[in-house]
Every structure is written in structure tokens, then in C-alpha cells.
Amino acid sequence: MNNINESIPQEFILLGFSDRPWLELPLFVIFLVSYILTILGNVAIIIVAHLDSKLHTPMYFFLTNLSLLDLCYTTSTVPQMLINICSTWKGISYGGCVVQLLISLALGSTECILLAVMSFDRFVAICRPLHYSVIMHQRLCIQLAAASWISGFSNSVLQSTLTLEMPLCGHKEVDHFFCEVPALLKLSCADTTVNEAELFFISVLFLLIPLTLILISYGFITRAILRIQSVEGRRKAFGTCGSHLIVVLLFYGTAIYMYLQPPSPASKDRGKMVSLFYGVITPMLNPLIYTLRNKDVKGAFKRLVVRLFLNKKLET
């Protein structure tokens, strides 16, 4: 029992780029600005989608789920990063690391499924427009969203348990900015071949299969859009689907690079930067992509601002 207790550290040291202290100030500024923009952008989308009746559709129901997911994901990692950059002690408690691992992995896995669900929604809307309201009814939307969250959290519990069961033999320096499965597996003093094979298999299930389904659905969507006679209708369809496709490529591209590439010492720092991109930058970009390329969301924002302005005017 004593040996087991000794193998579990009370804390982990998150190294990040501590060997490059000159990077700390620019990274702090990037993380802080990105986090603030992520909160503002995603909260704005959630509020607007809730208050504007024109956005009470399946597409914006799923977008609200995505915004909530991005808010929670960044909050599980970025505040700890900011604290570590500002202080000489770069540590996180063992319990804090476990919570961070569980939450970030659960939300990342959920996003993999949710983006595939959103592409299915676009497929039905464009390829089966007459049956859209019948197929994408409220109950199905709730079931699809719930399935995304449940599968994401189930995967997190499984992978986190398998990772945390590995003996560490006193190792506690995590060569990363936050607690993530690949970084924690590198601490183990036992053979991690089985864990790496399991991680690869799960990554295929949660990354490659949803991405393949998304690309197939977009093949059908593109063919359907090209058949639309109206130029305005075609532009609107491409605008709506283009926003989702950009988000898909940003998220899956970086996640696949992180989880499906063979481990290599040369790619260590690159892996850190890639995980920062999908963990910090992508959640900040999602609201911008969906608002700048979407007339419905921009219109809803304008209506909300006008309503608030008129209410204030009436009060005075």
C-alpha cells in the first residue's frame, strides 16, 4: 500500500515553455485576450440564440451547445495556465489535475460528436428541405445533443481511469501546459503500449469516423447547393455551411495531429503549440466565424442591441 501511495504524487509540475522564459509574457497576453474574447463571444451567442425567437431552430440549438462546450473547455484549462505563467511555482494538485483531465477530455470528445451532429443537421436542411421540420424535431435534437455529451463524458471516464492507473514512480513533471492523456502517459515508468493502442483506437472512433461522415455529408451538401437556381439562395447555403466547415477543419485538423501522429521527441514543442491552438484559439474563433459569416446571427445581434437601446430610452 505504501508503494502505491508513494507512486502517486501530491502535485504535478506543468512545465509548459518554462525553459523559454522570454515566451511567458507574450503567451500570458495571448491566453488572457483569447480567454476574454472566448467568454464574451460564446456568452453572446448563447444569450442571442435564447432571446431571439428567429434563432429557435435546430441549427442554433446545436450552436448554443457548442458555445457552452467551448466556454467550459477553456475555463477548465486557461485560468490555471495564466496562474502558472504569472508565478514561479508551476504546479497543480493531483486532484486538480484529475479534474482538469476529466473535464477537458470529456468536452473535447463531446465536441467531436457534436460537430458531426451539426453537419447532419445541415445535410437534412439542404438535401431534404421539405422533410426538415419532420426529421429534425425537438425531441431528436435533444437526444442527439444528449448523446454527444454522454458519449464524451463516458470516453473521458474510461481514458482518464486507464491513464491514472499507470504507475508514475515519483515522476511529476508534465511537459505540457495542462493535464492531457499523451503528456501524462509519458510520465509512466511502466510499458504504455496498451494505453497508446487504446488511445489510438478511441481517437479513430472520435476523430476519424466523425470527420469521414462530415466530409461525406458535405459532398452531398455541395452537390445539392450547386443545383439551387437562385444565386442568393446558393450564397446563403454556402455561407451557413462554410462557417461550420471552417470550424470542423480547425478542430479536427489540430486534434488529429495531436492524437494520431506517432510520438516523436522532435515534435514535442509543436505538439504543445497545436494543443494550445485547439484548446485556446479555436474556442475564441468559433463565435467570430459563426457571426461574421452568418446573416441570421448578425441580424439577431442588431435586433438585440436595438431592443436594449429602446428599453433604456423608455426608462429615461
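All values below were derived from every heavy atom in this structure, side-chain atoms included, with hydrogens, water molecules and symmetry-related copies excluded.
- For the residue pair D121/Y132, the side-chain donor-acceptor check at 3.5 Å is satisfied.
- Minimum heavy-atom separation, S156 to L101: OG-O, 4.2 Å.
- L276 places a side-chain heavy atom less than 4.5 Å from the side chain of F177.
- Looking only at distances, no side-chain donor or acceptor of S160 sits under 3.5 Å from a matching main-chain atom of V157.
- What you find for T74 and L71 is that their closest heavy atoms are OG1-O, 3.1 Å.
- Listed by first and then second residue, the ring-ring contact (aromatic ring centres under 6.0 Å, His included) pairs involving residues 150-169 amount to none (not counting sequence neighbours).
- For the pair F178/M81, a side-chain contact is recorded, criterion being any heavy-atom separation below 4.5 Å from C-beta on.
- V204 is connected to L211 through a chain of hydrophobic side-chain contacts under 4.5 Å among Ile, Leu, Val, Met, Phe, Trp and Tyr, so both are in one cluster.
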Item to complete: Check step by step if side chain to side chain contact (heavy atoms under 4.5 Å, CB included) holds for I92 and E11.
Response: CA-CA 6 Å; I92 182 173; E11 64 185 28; over 6 Å; no
Fill in: Worked check of side chain to side chain contact (heavy atoms under 4.5 Å, CB included) between V174 and L15
CA-CA 6 Å; V174 181; L15 297 177; over 6 Å; no
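- With hydrogens and angles ignored, the 3.5 Å screen pairs no side-chain donor or acceptor of H131 with any backbone N or O of V134.
- Hydrophobic clustering (ILVMFWY, side-chain heavy atoms < 4.5 Å, transitive): L114 and I216 are in one cluster.
- The pair E24-K90 meets the salt-bridge criterion, with a side-chain N (NZ, NE, NH1 or NH2) lying under 4.0 Å from an Asp/Glu carboxylate O.
- Taking the six-membered ring where tryptophan is involved, the planes of H56 and H50 are tilted, since the angle between them lies from 30° to 60°.
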Fill in: Step-by-step side chain to side chain contact (heavy atoms under 4.5 Å, CB included) determination, K172 to Q10
CA-CA 9 Å; K172 61 178 185 177; Q10 292 184 337; over 6 Å; no
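- Pairs passing the disulfide bond (SG atoms under 2.5 Å apart) check and including a residue from residues 87-117, sequence neighbours excluded, read C97-C179.
- Using a distance-only test at 3.5 Å, with no hydrogens or angles considered, a donor-acceptor pair links the side chain of S188 to the main chain of P167.
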Can I get a per-line list of side-chain donor-acceptor pairs under 3.5 Å for residues 28-49, giving both atom names and the distance, sequence neighbours left out?
residue: S34; atom: OG; partner: I30; partner atom: O; Å: 2.7
residue: Y35; atom: OH; partner: T75; partner atom: OG1; Å: 3.0
residue: T38; atom: OG1; partner: S34; partner atom: O; Å: 2.6
residue: T38; atom: OG1; partner: M284; partner atom: N; Å: 3.4
residue: N42; atom: OD1; partner: S67; partner atom: OG; Å: 3.3
residue: N42; atom: ND2; partner: T38; partner atom: O; Å: 2.9
residue: N42; atom: ND2; partner: P283; partner atom: O; Å: 3.3

Practice prompt. Run the numbers on M59 and R122 for side chain to side chain contact (heavy atoms under 4.5 Å, CB included), then give the verdict.
Written response: CA-CA 8 Å; M59 176 182 170; R122 291 299 84 209; 3.5 Å; yes
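- Using a 4.5 Å cut-off on side-chain heavy atoms (C-beta onward), F120 and S217 make no contact.
- Using a 4.0 Å cut-off between a side-chain N of Lys or Arg and a carboxylate O of Asp or Glu, K186 and D175 do not qualify as a salt bridge.
- Contact between E180 and S275 at its shortest, heavy atoms only, is OE1-CB, 3.9 Å.
- At a threshold of 4.5 Å between non-hydrogen side-chain atoms, the residues M136 and L144 count as touching.
- Atoms SG and CG, on C72 and L69 in that order, are 7.0 Å from each other to the nearest 0.5 Å.
- No hydrogens or angles considered: nothing links the side chains of Q100 and S104 as a donor-acceptor pair under 3.5 Å.
- Not counting sequence neighbours, F206 has no partner by the ring pair (Phe, Tyr, Trp, His ring centres under 6.0 Å) test.
- Within the 4.5 Å cutoff, no side-chain heavy atoms of V181 are placed close to those of L184.
- Cluster annotation: L226 is connected to F123 through the hydrophobic network of ILVMFWY side chains, with a link wherever side-chain heavy atoms come within less than 4.5 Å.
- If you chain together hydrophobic residues whose side chains sit under 4.5 Å apart, I150 and I113 never meet in one group.
- Around atom CZ of R128, no more than 12 heavy atoms belonging to other residues, nucleotides or ligands sit under 6.0 Å away.
- Rounded to the nearest 0.5 Å, atoms CD (Q159) and OG (S203) are 6.0 Å apart.
- Pairs of residues two or more places apart, or lying in two chains, that qualify as ring-ring contact (aromatic ring centres under 6.0 Å, His included) and include a residue from residues 73-117 are F12-Y94.
- Among all heavy-atom pairs drawn from P182 and L199, the shortest one is CG-CD2, 4.3 Å.
- Scanning all heavy atoms of the two residues, the minimum distance from N195 to M166 falls at OD1-SD, 3.2 Å.
- The side-chain heavy atoms of L250 and Y278, taken from C-beta on, include no pair separated by under 4.5 Å.
- Two residues are said to be in side-chain contact when any heavy atoms from C-beta on lie closer than 4.5 Å; E196 and F201 fail this criterion.
- Qualifying disulfide (SG to SG under 2.5 Å) partners for C189, counting only residues two or more places apart in sequence or in other chains: C169.
- The closest side-chain donor-acceptor pair between H244 and S119, if any, does not fall under 3.5 angstrom.
- Side chain of T254 to backbone of V274: no donor-acceptor contact under 3.5 angstrom is found.
- One hydrophobic cluster, built from ILVMFWY side chains closer than 4.5 Å, holds both I142 and L115.
- Between Y252 and E111, the shortest heavy-atom contact is OH-O, 4.4 Å.
- For the pair T64 and L68, the minimum side-chain heavy-atom distance is 4.5 Å or more.
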